[in-house]
Each structure stands twice: as C-alpha cells, then as structure tokens.
Amino acid sequence: MKTQILEAIGETDLDRPAQIHAALAANERIKYYLSLLQLALARADHPEQPSDPLRRERLACGIDDRALDNLVTQSRRENGHYRLPGYGATLEQIVHDLRLVAAPVLAKTHGRRVEFAERLERMLAELSKPQEDLTDRSVIDNLTSAGEGEADSLHRLLMDLHKALNAMQAELAAEQLDGASVYHIEPADRPLIAAFMAGLNRTAPLKFSHPGLGTTATRAGNRLIIQNDLGTTDAHVIVIHVEGKRIQITHTDIHPERIEFLRVMLKPYAVSWGEEQSKHADSGLSGVPFRLVTGRFDAKDSAELLNYLGFLASRLVFLIDWNRARKELRGFLRGKDRIALLGWAAEAGVGHRGFLELGGAQLINRAIEDTHDSAMHFGDRLCDVLGDEAVMEFVRFVFRAATEGLRENQSPGLIQDRVRAELQAHFSSEGKRLLQLASEQAAMIFEIATLLHEGVHSIGSGDHNGRYKELADRARKFEHSADQLVAASREAVRRRPEYMPLFRVLETADNAADELEEVAFLVDLLVTSKPGEEVLEELRALADLLLEAAHEWIKALSHASHIDKPTAMTTQDYVRDFLTAIDALFALEHRADDAERALTYGAVQKAGDFRQLHIYSKMGGSLEEASDALKWAGLIARDYLLGNVLRA
C-alpha cells in the first residue's frame, strides 16, 4: 500500500526501493501465516498439547489483528475436515501479500518474468475458497510444502521470489548509513542523512517491539529525498525533501488529528504549512482515502539545517500507534487531556509505546480491579472519580513507569505492581498512600536483595565478563528509585505531620536499600580477589537470610495496607498475618546476627589476604545493618498500626 501512496503523492523516485521493501515485508507476513496454519493443524490433531499462538511473530512482522492469536487454540477437527477460525480471511491476506511479493519482480524486464507470472496465476487459481473456515489437510500441506523434485508449490514460488527480490535489492547498490538505506547520493548528502538518523536513533528505542521507522534516502536532481515508513499503517508516510537550506515535509495519514499533532510537535521551529488536502490511492483491492499536508522550513545556516533534521526525525517515533494510544486512554481521560498527555509524553521523551507494550488500557484496568475502595462503578471514567488533575498525574506516572521499566529490564509484574500501588495511593487516605509507598520501596529492596543473592551464589561459576558490574548498576538504579520514594513521603509528611511514623518506616527501611546496594558494589571487588569456597558459603548463608527478610517485609506491608478500622470484619485476619510477618522479620534478624559472626570468624581464619578480609568484613557488616534496618522499620510500622490505626 505504501507504494501506492508514494505514487499518489508523486514520489516516483522512491517507488522501486519502496516496492522491494513492501515485498520483503509481505514475504515475512506470508511466512507467519503459513506457520500459523501448520500449528493450527497440529493443535486440532492434538488439542491436549500446549500450543504457541505466535503472537510475538505476528507483532514482529507488523500484523495488528489480535484475533489471529486465537486461530491456533480454537482450531478443531470436524468429520475428517479442519475448522480453522479466520482461515478464509487469512487465505485472502496470503493472496494479497503474494501479489505484493511478486509486484517488483514482475515489473522488471528479465528472462524469468513470464515464468514467474505464469506460476503466480497458476498458484492463485489452485487455491480453493474455504467454506465456513473449513479445509482439508491436503490444502494446507500444498500451501506450506516446499515441493519435491519437479513439483511446484506456493511455498517454493515464495522462496524463488524472495531470491529474486534479494538480487534486485543488491542491484540498487544500497548502502547502510547509520541505519538508513541510501543509494545514488552525493558526498554533501551524508552529513544531512547522518543528522536525520542521529535524531531518529535517539528516540527509536521508545517504539520497543513495534516495527517501523525504516528510512530510505536517495538523490533526484538537486534534491535529497528522505522517506520514513512510520510503522505499518498503510497510508502513514512522511517524505522529506532537502534542497539547499530548504526542507519540505510531505505527510500523509488517514487521521487528521495525528497530522495536527505533528504540527504541534514541530512548533519549536518556524514551519509554514500548506492547506490540508484529501487524496485517494488505489491499492488494487479498494480505494483508500487519506489526508496530505506539506510543510516548509527555511534554515538560516547549515547548523540550523542539521539541527532541524535531527529534531524532525526524533519526533517520528511519537507518531507510531498514536491513534491507538489515544483510543486506549478513552476510559480514563477526556478528549483534550488525552491529546495533552500524548504531547507531554513526546516532549518528556517518555512516549506512549511502553504503555501499549504492557497492555495499554488493560494495564490501568488491572490496577483498578486490584484496588480496594476505589469507588469505581461500571461505566465510570477514572477522571470522573478522581478528578482530571489527579488522573493526569497518575497516567503520566503509568507512561513513565512503563517506559523506564521496560528500558531497565524490570519485570512486567514489578511494573504492574508499581502502577497498582500508585493508583491505590490516589484512592486512599494519606496514611494509606504512605503505606503504598513503603510497599513499593519494599519491592525495590527485594529486587536489590534478589540481585545480590544471585550474584553471591554465582561467584566461582566462571568468567562472567562484567556481569557483576552490571549487577551493581542495576542495584544502584533500584536504590535510587527507593530514595525517590523517601523524598515523596517526606513531602507528604510535611503537609500532614501526624503521619511522621510512616515516614520513619520508609526512612528506616531505606537504610536497608543503601546497605544492600553497597554489598552489590562490593561483590565485584570480591570476585577480583578470587575468594575461597569456605568463606563464600558463610556469605551465601547471610545473603539467603536477607532475601528472606526482604520477602517478609513485602508480606508485612501487603497485610498492613489492608488493615483499616478495628471494627472491620476482615481486619483481624490481616492483623494476625501482619504481626506474623513482623515476628518472622525479628527472628531473621537474630539469625542474621549469628550468620554475620560466622562470616567474620571464617574470614579471619581463611581469607586470602588483608584486602579480602576487609571486603568480607564490610559485606558482613552491611548485610547485618540491612537486617537491623528492616527489623526497626517493622517495629515502627507495628507500633503505628497498633497505636494509631487500631486504637479504638
């Protein structure tokens, strides 16, 4: 489709590489469809066996149809035939994409052109139309088989076309320049393309697993032409012409709101925009109407020209899935606030793709479902319950947590917990909010303790090529996040001094995060000193206790968050579980004291040298201090709940 869009807007210089690019993308989609059909047959024959819906493969080749994820699991055998839900539509897509794969090969004059055309029409004619998504194994086998001997098949034709496309791509003599496919360019074009790609690559990671942002550049006369595919939406194309110090942008889209969004993002530069036009492209199946707008920027010098190219490119990632994100936010924000939020996400360098990657609206809806006393009723929008300002603040947090969490390789469960904790904080009283911050901090402490536990237990298992430095870096990030939570609680207590005990809980527990992060740093130093196995066992025993203590602290705060008034029917159970977790925390602190002494004794007896003895001593002391910090935080939390919350 993008090739028809380029033709419709007069960009014929980009037509051939765009056709080849579209053909290669269609080839990947057909391979996915064929794999899906094979798995569907296997599932229908053996429904008791687990199956892979190929969701990751679907997303990787840019197919947005989520219904395909159910094709495998819902396939059944019926009277010797196979019922594959959506098979008819899938077959239509295979036919459509096969024509796209063949298009550039058939358009080129060469000896095999007639052969390919005849094979294509024969294969398409042989494809039987399914009746109510029913088919036979032989049909699928003929589709997916590579053919034997002289036998031809759709799959063999696809492989031959793929080889021809690769040869055509090589003939273009395309060069990769910072990720852009360039051909027929001049030396003066290189810094312009490099500036564009520097801006693109700076923000491209924010698209996460979504395909798109593929860039092609060529020269036509006095103009450098740069085209970006902007993801998988057919009519969504941007073409940039650079001539002298003038840049012209041509942007096509089916969503006028997204065109306006690009205009707003480019406001830092004086871009003059032409009238928006309505265009029409014939895809071969049906006409597709789209909007077209052009903008012009005249740079005052070469430096501004390069800066603008980089800035323009850096904004493109925020157009990918923009309309989908806007729709996903409908249950939480009003229309103008949804646009404002997406604008903030772009300006802040956060983006919206991380939010979508983690489920979009489902990420927030799961948090709402798990939040007690939310006052939400069926049909309510979050902004109507919490207020516009509070929800804007909350959703900004969700966007940032999703993006930063994914980029820091945090688990989806941890990110979901952070979202749930933040929402609970908005629905609850200030005391509840502070307890939620403490729970979030406890999750950070547990992550650091887990990293430390894994690191200590892996010492001596071989060369890990900087693994321990990476461990220390990740621990430092979690510790920094824990510090930020303490700062947030300090501000809350400044407004409400009666909650000072809860601030002291976070402040005291933060000492555990600090001490554990210090030990994570020391692990790398210990590894370089080549420690003996005897003392390592004592260190591992102490690390085991700290991981267990961090887990008990999470449990204690989880129970504490449910403790309400003493008259509540469920409070007694939560109180019992909370006090049990606190008691376990105290017992673990006593065991940690003994384990720290055992470590000290072993280090004095068997440390390799004074440096190693010093490291063991520092690690043992910090782990014992971390255990003490969790114990004292537990005592403060216990006194607060028994003396304040549960006081009759």
Side-chain angles (χ1 to χ4, degrees), residues 404-405 407-411 414 440-487 506-533 535-551 553 589 592-593 595-600 602-604 606-630 633:
E404 293 178 354
R407 298 195 72 177
E408 294 174 7
N409 296 316
Q410 292 180 9
S411 67
L414 173 60
E440 192 174 351
Q441 182 199 49
M444 303 295 177
I445 294 170
F446 182 76
E447 291 287 342
I448 301 172
T450 301
L451 288 171
L452 175 60
H453 182 268
E454 292 174 357
V456 169
H457 276 267
S458 66
I459 295 176
S461 60
D463 181 14
H464 293 275
N465 297 323
R467 172 183 177 180
Y468 299 104
K469 284 187 171 61
E470 179 184 350
L471 180 150
D473 289 339
R474 293 178 64 190
R476 184 167 59 251
K477 290 177 181 177
F478 282 121
E479 189 274 333
H480 177 67
S481 297
D483 283 343
Q484 290 179 319
L485 294 173
V486 175
L506 279 97
E507 185 179 45
T508 304
D510 191 59
N511 293 332
D514 293 341
E515 297 294 346
L516 290 172
E517 188 271 331
E518 174 69 15
V519 179
F521 164 74
L522 292 172
V523 169
D524 188 55
L525 294 179
L526 180 62
V527 171
T528 60
S529 74
K530 299 180 179 179
E533 188 65 24
V535 188
L536 278 176
E537 284 304 312
E538 305 293 349
L539 178 61
R540 289 166 183 158
L542 187 52
D544 291 347
L545 291 172
L546 263 298
L547 181 61
E548 189 176 351
H551 186 236
W553 183 227
E589 190 274 334
D593 285 343
E596 190 269 337
R597 293 188 184 99
L599 173 61
T600 301
V604 169
K606 298 177 182 179
D609 52 31
F610 181 80
R611 182 181 64 162
Q612 197 176 94
L613 174 62
H614 176 70
I615 295 172
Y616 275 129
S617 177
K618 286 281 291 180
M619 294 176 84
S622 289
L623 289 171
E624 197 275 332
E625 287 289 334
S627 178
D628 278 348
L630 291 178

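Separating the CG atom in L542 from the OG1 atom in T600 is a distance of 9.0 Å, to the nearest 0.5 Å. The CZ atom of F610 sits 11.0 Å away from atom CD1 of I615, with the distance rounded to the nearest 0.5 Å. Here the straight-line distance linking atom CD of E408 with atom OG of S481 works out to 6.0 Å at 0.5 Å rounding. H480 contributes atom NE2, which lies 11.0 Å from atom CZ of R476 (distance to the nearest 0.5 angstrom). A distance of 4.5 Å separates CD1 of I459 from CG of L526, quoted to the nearest 0.5 Å.
The two residues Q441 and A482 make their nearest non-hydrogen contact at CG-CB, 4.1 Å. For L547 against H453, the heavy-atom pair with the smallest separation is CD2-CG, 3.7 Å.
Side chains of Y468 and S458: a donor-acceptor N/O pair is present below 3.5 angstrom, by distance only.
Salt-bridge formation is detected for the pair R540/E537: a Lys NZ or Arg NE/NH1/NH2 atom is positioned less than 4.0 Å from an Asp or Glu carboxylate oxygen.
Partners of L471 by side chain to side chain contact (heavy atoms under 4.5 Å, CB included), not counting sequence neighbours, listed by chain and number: L451, A520.
Shown here is F446, whose CZ atom has more than 12 heavy atoms of other residues, nucleotides or ligands within 6.0 Å.
A side-chain hydrogen bond (donor to acceptor under 3.5 Å, both in side chains) check over residues 510-521, counting only residues at least two apart or in different chains, returns the pairs E515-S622.
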